[in-house]
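Taking it in order: structure first as structure tokens, then the write-up.
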Amino acid sequence: MKWSKAFIPTIKEVPRDAEARSHIFLLKAGFIRQHQSGVYNILPLGWRSMLKIMQIIREEMNAIGGQELLMPALTSADLWRESGRWVDFGNEMFRLKDRKGKDQALAPTHEEIIADIARNEIRSYRDLPQIWYQIQTKFRDEPRPRFGLLRVREFIMKDSYSLDRDFEGLDVSYELHKKAYTKIFDRCGLKYTVVQASSGLMGGSQSEEFMVISDAGEDTLAICDKCGYSANTEVAEGKIPEESVPPAHTKREKVHTPGIKTVEEVSRFLGVTPKHLVKTLLFVVDDRMIAILIRGDYEVNEAKIMRKFGPSIRLATPDEVKERFGVSVGFLGPVKLDVDEIYADFSVKTLKYAVVGANEDDYHLVGVDIQSDVNIKEFGDFRIVKEGDLCPRCGNPLKVRSALEIGHIFKLGLKYSEALHAYYMDKDGKERPIVMGSYGIGVGRIMAAAAELYGDDNGLSWPINIAPYEVEILELNSPRTGEIAESIYKGLQESKVDVIWDDREASPGFKFKDADLVGIPVRIVVSDRKVKNGMVELQIRRDGTRKDLKIEDSISYVTDLVRRMKKENATG
RNA sequence: CGGGGCGUAGCGCAGCCCGGUUAGCGCGCCUGCCUUGGGAGCAGGAAGUCGGUGGUUCAAAUCCACUCGCCCCGACCA
């Protein structure tokens, strides 16, 4: 491609609405443009990059026996009603009606459609196992799209589904996917970790996420450097470090704490630490009200609570609390609290002199012995792991890091096959539900993750396997150097190198800046200065390496270099 | 959904408080000359429903009301 003919709208100013690094540079380098909140045009450079990502995905999915198909984005509500997700998806599902008034959904994922195909077509154990996948646009009406391509409402996803006779088969399909994903992300040049995750709305028994450590990520991971334990904090466990917190109040008494509500305020007011405090959170489950106690320096983990008490559990509103107990939420406490059940996180188990709300506005109790003063039904793990908690496996202090999710694999089990009645006949003539797995990769997120991960203040720096072009010829002194540039350009094209030639009539600085911004990994600078000595200059975007090449050697040298870099799956 | 911020030329912004000339600046764009190893220079030029609607006023980018859009923080943590 000649740059002069290409549509690469780079911009010099930092776009006002962009803050995340990937968002800023993908806009500046002309890869994407926003259409509306959470919806983007993918411009030619961006699409080239995404096509390469999709091609890698295809190759690796095919390698594990996956068969590509294409399912509709426009789906009937009937199927979603069968699984219950017409309700469960809530506002995240884009809904519309057709001209007859029939409910439709723009599919956020395709478990139901797969189960529908399977129940209509899969009859016998001989038809199994199957792995079906598609690369297709998904729609999710996210409450808050953000960070450019990182959280969007319309996005391209590779989603695959495994259908197996039994759970042993599912384990096999799952491991195949895990291996394929590892290869895919390796080839894309990303640094990532695999973590235990929560299966959330998907259901099922086990799930793992592929995560890129990045401040732009919206997930939080707990990581153990020593034994390799890593988990999303939605599910991560941790041991509480043992430390002696000297008791502040050894006598149980009621103290006046006018208007002092939050953990920080109470700690400061009473001269204690958050570790002396116990927070009392009230939750509504169906029509029961339960309390959960947790130490003041921890947060309650909603995902864990939902797993224990069911997805309908919700925090009681301050108004509900006020109405039922006549007390503001800041002064709730577990002593003589009239709720159906009281549960407590392990973090409060040993507290003998705790500070708690007095269930009376403007008063707290101090010196409370949690075990003997409170009627606790059960201790459990209800907290979000925090930095410094100890690894559940080896006891090493855990690190907590932000990360962004690029892939997620689930063992679904029978949820959808049972709900939609996708059954097959086994060897013994018995009907059995198909065992399902589902596996997703965000294509745009891979591109955005690479943009977050690699580059510098001047712009992007693509891993060569997902770069929109592999080589850029930067011709400085057009038209005098044009002939040399063109011969290298044609030579590289003939040896199947993906090359763009910046043949524009512009100043050198201008072209260098654009080149840095767009981040093509290999650059050949063709200038008067070098050409008169029979040379051109090779530059590597990632590390800034420069090297002179003889003109006549340049094509074979660069062809070779590109081949090598691709194989080494050289990153950025 | 709660809180905050922002909508003025293609992009980035000033002007708004304190209403009053033809609404400015930088970049970009077009024409010509010139220049070519890190976003060059000179000259000329085009380009604006001041997000929208309604109101106040002799007069509105500016004041008021409503509304739409975009970004950021948070989403019940007591």
Side-chain angles (χ1 to χ4, degrees), chain A residues 9-20 23-24 27-28 30 33-39 90-91 141-148 151 218 257 259-267 274 277-284 291-302 304-305 313-322 325 327-334 345 347 355-357 359 361 364 382-384 386 458-459 474-482 502 504-517 523 525-531 536-537 539 544 546 548:
Chain A
T10 58
I11 41 187
K12 213 189 310 191
E13 317 260 6
V14 177
R16 181 191 5 200
D17 288 339
E19 218 140 286
H23 191 196
I24 291 172
L27 283 169
K28 285 186 72 175
R33 287 292 184 268
Q34 186 173 47
H35 169 76
Q36 57 172 331
S37 178
V39 181
N91 287 330
D141 198 356
E142 295 286 345
R144 192 175 153 210
R146 58 179 132 182
F147 304 149
R151 181 159 295 274
E218 296 181 274
T257 50
I260 310 292
K261 292 194 255 192
T262 66
V263 169
E264 288 71 36
E265 288 166 359
V266 175
S267 306
L277 270 61
V278 170
K279 294 194 281 195
T280 304
L281 290 317
L282 295 186
F283 288 86
V284 179
I292 292 181
L293 312 183
I294 193 162
R295 210 170 71 184
D297 58 327
Y298 280 105
E299 304 294 336
V300 163
N301 188 325
E302 233 169 301
K304 287 181 181 174
I305 302 252
I313 190 165
R314 63 173 179 83
L315 202 63
T317 64
D319 287 347
E320 284 172 322
V321 172
K322 186 90 194 175
F325 302 100
V327 60
S328 306
V329 287
F331 299 99
L332 272 172
D345 183 73
S347 58
V355 177
V356 302
N359 291 326
D361 278 3
H364 279 78
F382 302 121
R383 68 192 178 281
I384 297 176
K386 59 176 193 179
N458 293 321
L474 202 159
E475 177 199 345
L476 281 192
N477 312 99
S478 171
R480 290 191 297 281
T481 47
D502 191 347
R504 294 174 297 174
E505 287 192 27
S507 69
F510 188 90
K511 291 185 172 186
F512 277 118
K513 290 289 184 191
D514 260 1
D516 287 346
L517 190 53
R523 186 184 302 167
V525 181
V526 181
S527 65
D528 267 346
R529 195 156 106 179
K530 302 277 179 182
V531 164
V536 292
E537 184 174 288
Q539 298 185 357
R546 298 176 180 205
D548 286 349

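Below, chain A is the first sequence line, B the second, and so on; all start at residue 1. Just so it is clear, the structure is predicted and the values come from calculations on it, not from any experiment.
- Of the possible polar contacts, none joining the A:R314 side chain to the A:F283 backbone as a donor-acceptor pair under 3.5 Å is found.
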Where protein sits on nucleotides 66-78 of chain B, one letter per nucleotide: B base, S sugar-phosphate only, - none, heavy atoms under 4.0 Å: ----SSBBBBSBB
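- Evaluated for a side-chain contact (heavy atoms from CB on, under 4.5 Å) with A:L277, the options A:V356, A:T262, A:V266, A:I294 yield exactly one hit, A:V266.
- Pairing for B:C63 goes to B:G55, judged as Watson-Crick or G-U wobble with the two contacts each under 3.5 Å.
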Nucleotide-resolved protein contact map, nucleotides 30-47 of chain B, B/S/- at heavy-atom distance under 4.0 Å: ------BBBBS-------
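- For the atom pair CG of A:L27 and CD of A:Q34, the computed distance is 8.0 Å after rounding to the nearest 0.5 Å.
- Distance alone, capped at 3.5 Å, places no donor-acceptor pair between the A:D502 side chain and the A:E475 backbone.
- The partner of B:U49 cannot be assigned: no Watson-Crick or G-U wobble pair with both contacts below 3.5 Å exists in any strand.
- For the pair A:R295 and A:V278, the minimum side-chain heavy-atom distance is 4.5 Å or more.
- Look at CG on A:N91: it is 13 Å from P on B:G2, rounded to the nearest Å.
- Considering only residues two or more places apart in sequence or on other chains, A:K386 meets the salt bridge (charged side-chain N to carboxylate O under 4.0 Å, His left out) condition with A:D297.
- Spacing of C1' atoms, B:G20 relative to B:C63, comes out at 14 Å, to the nearest Å.
- Using C1' as the reference atom, B:G2 and B:C77 are 16 Å apart when rounded to the nearest Å.
- Across all strands shown, nothing is found opposite B:U35 as a Watson-Crick or G-U wobble partner with both distances under 3.5 Å.
- Using atom C1' as the reference point in both B:A9 and B:G5, the two lie 23 Å apart (nearest Å).
- The nucleotide B:G44 finds its pairing partner in B:C30, both defining distances of the Watson-Crick or G-U wobble pair being shorter than 3.5 Å.
- Distance noted for atom C1' between B:G15 and B:G55: 24 Å (whole Å).
- At distances below 3.5 Å, at least one donor-acceptor pair connects side-chain atoms of A:K304 with backbone N or O atoms of A:R383.
- Proximity of a side-chain donor or acceptor of A:D345 to a complementary backbone N or O of A:F382 within less than 3.5 Å is detected.
- Separating the C1' atom of B:C33 from that of B:G26 is a span of 23 Å, rounded to the nearest Å.
- Base pairing annotation: B:A75 forms no Watson-Crick or G-U wobble pair, as no partner gives both donor-acceptor distances under 3.5 Å.
- With a cut-off of 3.5 Å on both pairing distances, the Watson-Crick or G-U wobble partner of B:C25 is B:G12.
- Of all heavy-atom pairs between A:S527 and A:N477, the closest is CA-OD1, 3.2 Å.
- Only the C1' atoms considered, B:A78 is 47 Å distant from B:A60, to the nearest whole Å.
- On the C1' atoms, B:U62 is 15 Å away from B:G24, given to the nearest whole Å.
- With a cut-off of 3.5 Å on both pairing distances, the Watson-Crick or G-U wobble partner of B:C6 is B:G69.
- Within the 4.5 Å cutoff, the side chain of A:K279 has heavy atoms near those of the A:E299 side chain.
- Between the P atoms of B:G38 and B:U22, the separation comes to 47 Å (whole Å).
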